[in-house]
Amino acid sequence: MYPDILLVRQSDGYRVLHGHLHLTSAMASSQEAFAHASGEGKVKVVKTAEGIFIGEQGRRVPLLWNQ
């Protein structure tokens with residue numbers, strides 16, 4: 001787990017608040033990583049063919065990128 005990766009929940013997904021480079025590095029070497037979501041604690045970040053998602057109680061919520 002990277003404690004310096006901080007995610008925040010937005011209505012339709014999550015955004016990376018802090019630790020963009022650490023998350024990118026973790027996702028480059030593995031299909032999954034763990035991060036801290038504000039107000040929720042430790043969450044699993046999973047890379048699939050459709051994108052990067054946050055695993056949450058049997059369902060996946062997308063990681064939203066700033067554009």
Side-chain angles (χ1 to χ4, degrees):
M1 179 173 134
Y2 288 92
D4 52 344
I5 300 172
L6 180 60
L7 307 176
V8 291
R9 179 69 181 225
Q10 195 168 7
S11 61
D12 53 350
Y14 286 86
R15 293 209 184 266
V16 180
L17 184 64
H18 179 75
H20 292 85
L21 295 177
H22 286 257
L23 181 59
T24 301
S25 175
M27 294 281 92
S29 62
S30 178
Q31 298 296 318
E32 62 183 44
F34 290 91
H36 181 81
S38 181
E40 298 178 37
K42 184 170 123 175
V43 294
K44 186 177 190 178
V45 182
V46 181
K47 180 170 56 173
T48 68
E50 292 82 32
I52 298 177
F53 296 90
I54 310 304
E56 180 182 272
Q57 299 175 350
R59 63 187 185 105
R60 293 190 175 160
V61 179
L63 180 64
L64 306 170
W65 297 98
N66 295 331
Q67 298 177 355

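- A distance of 9.5 Å separates CD1 in Ile52 from CD in Gln31, rounded to the nearest 0.5 Å.
- Evaluation of the side chain to side chain contact (heavy atoms under 4.5 Å, CB included) rule for Glu50 yields Thr48, Phe53 as partners, not counting sequence neighbours.
- What you find for Ala37 and Val43 is that their closest heavy atoms are CB-CG1, 3.8 Å.
- Listed by first then second residue, pairs satisfying salt bridge (Lys or Arg N to Asp or Glu O under 4.0 Å) with a partner in residues 19-28 number zero, not counting sequence neighbours.
- Shortest non-hydrogen contact noted between Arg15 and Leu64 is NH1-CB, 3.4 Å.
- Between the Ser25 side chain and the Leu21 main chain, no donor and acceptor come within less than 3.5 Å of each other.
- The two residues Val8 and Ser38 come nearest to each other via the heavy atoms CG1-CB, 4.0 Å.
- Residue Met27 is grouped with residue Leu7 when hydrophobic side chains (ILVMFWY) are merged at heavy-atom distances under 4.5 angstrom, including chains of intermediate members.
- Hydrophobic clustering (ILVMFWY, side-chain heavy atoms < 4.5 Å, transitive): Leu23 and Val61 are in one cluster.
- Nearest heavy-atom pair, Tyr14 versus Ile54, reported as atom, atom and distance to 0.1 Å: CD1-CG1, 3.3 Å.
- For the residue pair His36 and Lys42, the shortest heavy atom distance occurs at ND1-N, 4.4 Å.
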*Could you walk me through whether Val45 and Ile5 pass the side-chain contact (heavy atoms from CB on, under 4.5 Å) check?*
CA-CA 11 Å; Val45 182; Ile5 300 172; over 6 Å; no
